[in-house]
Colleague: 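Take this structure first; my questions come after.
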Amino acid sequence: MQNKAKKIMASAFIVDPADIHDGLTLGSIREWDSLGHMRLVVAIEEFLGKTLDPHEVVAIRSLADVSRLLDAGDYQLTVNHGAKE
Amino acid sequence: MKEALLQKWSPGQHLKLESERFFIRSLTPQDATETYISWWNDAEIQHDLNMPARKWGRAEAQRHISRFDNRITYHLGIFPKGALLPVGFFTINTNPHTKVAVTNVVIGNKSFWGEKVPLEVRGRMLPFIFNRLDMLKVKGTIHGRNLPSIFNYEAMGFKCEGILRSELPGIDGGRADIYVYGLLRDEWLTRKNDAE
């Protein structure tokens, strides 16, 4: 899920995916600014198809955090999908 | 020069500070210009404060500015160097007993949104608040889901101390959360020393 996280972040910050390095943290590149952060949260929510819980919103400080959120969301999507069948 | 001016300042006096791009100075009733008033009456700007547009005139704006005494409370305009009109304001409410200051920044000029103004201005104000006003903690609250503000606090090392869920009526209907961010003087000093 880290590659997906990198793609989402690159799109939100309007940079090349190669610029999203493994140790990326909030504010560590110029493009991760207040507006980039807003686009990032919205993009994560669009991917997961849900509004993030406030505690999830304030926990977004790095690439690792975004990957973790997507992983958890992916698991939840699988569970929900399974429950419907 | 700018530090020398600040040394001469004493509580109650008009305050003027300088950052890289801005002069940050106490607003006076004469600063209740159409520009300043328009921010209070702008639905988009007020939305981020979880407030409706105010329908203020000059009298309300002047009354608001007059409430700040430059001793306990401060209402400072953010003026780009060389400009006559501010692009926003920075407000400080101090509690000398608890030594906690509550701050708020509003950027009214939308062409400055995304220009890192809150980071620069708050970065200039923190030394003043901690060193000159002798506060031990700076706090900020975000009413509703203001993602750029959350970024700004996180980027400056503030910690999210709590989220008050469904704390107040939301401006869009429903309920709004309040995010409480805080920075202790020791944390600020550590961060400052690490950066130097």
Side-chain angles (χ1 to χ4, degrees), chain A residues 2 4-17 19-70 72-73 76, chain B residues 44-45 47-48 50 87-88 105-107 110-123 139-168 170 172-183 191 194-195:
Chain A
Q2 196 181 54
K4 184 65 193 175
K6 284 185 176 181
K7 276 184 191 165
I8 286 178
M9 294 175 90
S11 171
F13 304 150
I14 317 174
V15 297
D16 192 282
D19 294 334
I20 309 296
H21 58 84
D22 290 350
L24 191 71
T25 56
L26 183 141
S28 63
I29 56 170
R30 189 169 46 87
E31 292 82 1
W32 191 343
D33 59 11
S34 59
L35 298 183
H37 192 71
M38 185 171 65
R39 288 193 297 267
L40 174 62
V41 174
V42 170
I44 293 169
E45 291 182 335
E46 279 175 1
F47 177 77
L48 295 176
K50 66 159 194 168
T51 302
L52 291 177
D53 178 271
H55 290 94
E56 293 173 318
V57 170
V58 299
I60 300 172
R61 300 190 190 97
S62 66
L63 168 65
D65 294 333
V66 175
S67 293
R68 230 181 339 265
L69 263 178
L70 298 186
Q76 200 56 47
Chain B
E44 190 178 16
I45 293 168
H47 183 274
D48 285 344
N50 196 49
V87 296
V105 60
V106 170
I107 306 303
K110 295 174 188 175
S111 68
F112 279 78
W113 287 6
E115 296 297 320
K116 299 180 168 60
V117 182
L119 293 179
E120 180 175 332
V121 172
R122 195 176 281 125
K139 214 168 83 173
T141 57
I142 302 171
H143 292 194
R145 202 164 177 267
N146 187 336
L147 298 171
S149 283
I150 290 172
F151 170 88
N152 287 329
Y153 281 116
E154 293 280 347
M156 296 208 72
F158 282 68
K159 289 190 168 48
C160 183
E161 298 184 336
I163 298 164
L164 310 177
R165 297 173 305 148
S166 294
E167 179 72 5
L168 70 172
D172 298 322
R175 304 286 296 176
D177 304 321
I178 291 183
Y179 297 72
V180 181
Y181 273 90
L183 181 69
R191 195 175 159 85
D194 288 348

Colleague: Output the donor-acceptor atom pairs between chain A and chain B under 3.5 Å, with atom names and distances to 0.1 Å.
Modeller:
| unit_1 | atom_1 | unit_2 | atom_2 | d |
| --- | --- | --- | --- | --- |
| R30(A) | O | K116(B) | NZ | 3.4 |
| E45(A) | OE1 | R145(B) | NH2 | 3.1 |
| E45(A) | OE2 | R145(B) | NH2 | 2.1 |
| R61(A) | NE | E154(B) | OE1 | 2.6 |

Colleague: Which atom pair, heavy atoms only, marks the closest approach of L35(A) to G114(B)?
Modeller: CD1-CA, 3.6 Å

Colleague: Please report the closest heavy-atom contact between C160(B) and V58(A), naming both atoms and the distance.
Modeller: SG-CG1, 4.0 Å

